[in-house]
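The block underneath contains the structure these notes are about, expressed in structure tokens.
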Amino acid sequence: MSVVSSSPAQSTDQSTVETAPNPLLIGQGLPPFGDIQPSHVVPGIEQLLQNLGHDLEVLEAQLGQKLNAEPAVSITWADLIDPLSAITEKLGWSWGIIGHLMGVKNSSELRTAYESVQPELVQFANSIGQSQVIYAALGKLKGSAAWTDLDPAQQRIVDAALKDAELSGVGLSGKQKETFNDIQRSLAELSTQFSNHVLDATKAFSLTLTKPEDVAGLPPSLLSLAAQAARDTAQNVEEDTPERTGADATAEKGPWRITLDMPSYIPFLRHSQRRDLREKLYRAFITRASSGELDNAPLIEKILELRSQKAHLLGFENYAALSLATKMAPSVAAVETLMEELRSASYDAAKRELEEIKTFAKQHGSVDAGLEIKQWEVPFWTERMREQQFNLNDEALRPYFPLPNVLEGLFGLAERLFGITISAADTQAPVWHPDVRYFQVSDTAKSEVIAHFYLDPYSRPAEKRGGAWMDECIVRAKIQNRESAQNSDAFKIRLPVAYLICNQSPPVDGKPSLMTFREVETLFHEFGHGLQHMLTSVDYPGAAGINNVEWDAVELPSQFMENWCYDRDTLFGMAQHYETAEPLPEEDYQKLLAARHFMTGNAILRQVNFGWTDMALHADYRPEADETVWEVRDRIAKKATVMSPLPEDAFLCSFGHIFSGGYAAGYYSYFWAEVLSADAFSAFEEAGLEDGTQVSTIGRKFRDTVLALGGSHHPMEVFKAFRGREPSTQALLRHRGLTSQSSKENGMSQAA
Ligand code: ZN
């Protein structure tokens with residue numbers, strides 16, 4: 001039990017404050033998870049902000065003196081970046097732990113504490129980003145004679161900091177600055193409103209089904225979810241209302257409440273045998289937040305207008321150009337070239353696939369075989385066709401993927417490719433839950449420890465956020481060696497530590513965690529992010545690992561690792577039945593390979609339509625011009641869909657990625673990174689995946705470039721250092737079962 005007071009009131013007289021140290025203020029090393037309580041958050045962060053606020057003032061004063069000195073003096077890395085990193089690293093250490101716990105050990109106390117300190121924290125971070133003095137000092141450092149003595153990683157860190165400051169409006173003054181700040185505030189509000197509208201509109205609709213014929217075809221998992229939803233609703237309504245009947249809902253007897261939430265909506269459209277109900281649900285889904293009080297259409301126009309104004313204030317032609325200023329993609333034209341290449345390669349395939357679905361539907365007794373197939377028929381018949389062609393049951397494959405085998409396979413692959421040895425180190429670090437593992441990574445040839453990582457593999461719905469992610473615990477850095485300050489060994493390397501978080505099926509009934517193939521892919525994906533974090537050779541935290549890597553390139557190592565799940569040697573090396581040790585049947589392996597290409601044209605075209613619409617709205621749409629938002633949508637849909645949207649289709653009104661998430665003029669990034677990862681993997685394919693010597697030679701090169709250099713160089717340079725040329729889309733199309741339709745240069749080669 002902690003003895004630290006949870007009262008936010010801090011005495012300024014240190015001698016009267018409780019003396020037990022707040023574990024959130026240690027500021028370095030592995031987080032002492034056993035000691036940290038939600039009650040530490042408020043006093044810890046308030047104290048921290050007070051200390052760091054003071055440090056920032058001191059730094060700004062020192063820099064100010066140097067900037068105004070007569071005669072002029074130069075500003076060095078040690079004057080500016082070292083003390084600034086010391087501030088941001090302390091902030092990152094404490095706030096990183098809290099953010100991490102919010103994801104893996106959430107509770108109402110922690111959430112309340114987090115929410116109460118978050119605004120101050122954001123404000124403090126902004127005050128660094130918008131500091132005029134720091135901005136001027138960065139400019140002076142860049143203009144100084146010593147600039148050329150800095151290595152490329154240092155220069156890129158300074159350049160990125162300058163750009164960040166400029167994009168947050170630091171270069172503006174007077175009226176322009178006021179307008180800029182007003183726009184920022186309005187955009188933040190509009191984005192919250194947008195997502196609230198989507199949430200509320202999603203909640204406002206549901207289908208309560210009571211008769212067995214209404215739920216014909218639905219899988220047991222959806223029936224349980226729907227019964228649960230009915231019970232939850234019943235709890236929250238007044239006595240004597242019809243919804244109260246759901247209080248005793250069961251998966252077997254109902255009632256079942258179907259909603260527009262993805263886990264309910266998607267399986268319903270795929271499995272429900274009630275065509276009329278699918279239509280009802282589909283129409284409700286595509287018109288979410290498009291009418292009445294929750295109408296997002298006016299918000300969309302306002303958001304686009306304000307973004308465009310913001311871009312102009314900062315000197316950009318449009319918001320798309322502003323977004324691309326911090327990305328790998330060199331220009332809107334380059335993104336459009338990529339979109340067109342993917343569109344032309346997938347369009348005919350998508351059309352053909354739709355024809356196949358129609359034929360299949362007719363053969364299998366679609367209700368109105370003579371008529372055009374409708375949108376709400378497609379997921380249903382696609383699913384039936386998938387079942388017939390592959391009969392690939394996620395559940396049936398689980399026994400072949402017990403977590404211990406999968407880890408052994410993954411670690412063996414990492415050893416073959418990158419020359420690293422991974423071993424258990426569970427006793428070396430405090431953990432936040434007994435299921436969490438801790439591992440050590442060594443360079444095999446040098447027998448030298450280079451990194452560590454935590455693995456929190458299992459789903460814990462009560463306290464852990466869904467999804468999977470990699471996060472930084474400790475970032476690699478060259479730091480002052482306190483123990484040997486006297487001798488020549490004045491610096492040492494602080495080794496990186498990663499968090500790998502998954503949400504896979506936990507062990508039950510004494511069996512190990514048996515994974516679906518998708519869960520295996522997810523683990524490989526997050527491990528790929530972890531590798532970039534852990535195998536970095538960059539000594540400056542600002543560019544080590546994933547730091548300072550352009551957003552549209554950051555998925556390169558993660559998607560690259562996913563490819564190995566389909567590699568014969570890798571897969572058969574780990575896929576063994578947990579009881580009988582039998583290998584995965586060859587037939588199932590072939591199905592996994594084939595399923596990867598099922599409906600591939602439609603899958604690609606759908607994402608192209610989203611990505612291109614997003615780019616067009618942020619590059620072409622002008623509030624004062626003739627073309628409305630919806631006309632832009634239609635113009636793109638005409639070339640990038642094989643089924644025109646219904647007249648009432650208002651998907652933009654729920655396109656949260658670009659209107660309330662971080663993907664504005666950035667949705668294309670999914671493809672951009674996949675081009676890089678597929679092309680990187682194809683280096684191994686070209687050399688022969690079964691050629692162990694080649695695979696390890698190329699693997700070392702991947703380690704020394706993509707994984708080691710992180711954000712220290714432009715991603716195009718890093719990619720070229722690995723591949724010996726610029727990226728090509730050929731590998732992505734081949735992996736997705738398509739071939740290129742265009743002989744033109746691809747958009748990526750226009751990069752500087
Ligand atoms: Zn990822």
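These numbers come from a predicted model, not from an experiment. For ligands, and for the atoms within them, numbers begin at 1 and follow the listed sequence. What you see below is based on every heavy atom in this structure, not just the backbone, and it leaves out hydrogens, waters and symmetry mates. Note that the numbering runs from 1 along the sequence shown for the chain.
- Screening residues 404-419 for salt bridge (charged side-chain N to carboxylate O under 4.0 Å, His left out) gives no qualifying pairs among residues at least two apart or on separate chains.
- Backbone or side-chain N, O or S atoms of Glu526 do not reach the Zn ion (ligand 1) at under 2.8 Å.
- With the Zn ion (ligand 1) as the vertex, NE2 (His525) and NE2 (His529) define an angle of 100°, rounded to 10°.
- Of all N/O/S atoms in Glu555, OE1 sits nearest the Zn ion (ligand 1).
- Legend: residues meeting side-chain contact (heavy atoms from CB on, under 4.5 Å) with Ser107, ordered by chain and number and at least two apart, are Pro38, Glu109, Leu110.
- By the 6.0 Å and 45° rule, Arg307 stacks over the aromatic ring of Tyr319.
- Judged purely by distance below 3.5 Å, without hydrogens or angles, the side chains of Glu555 and Tyr670 never pair a donor atom with an acceptor atom.
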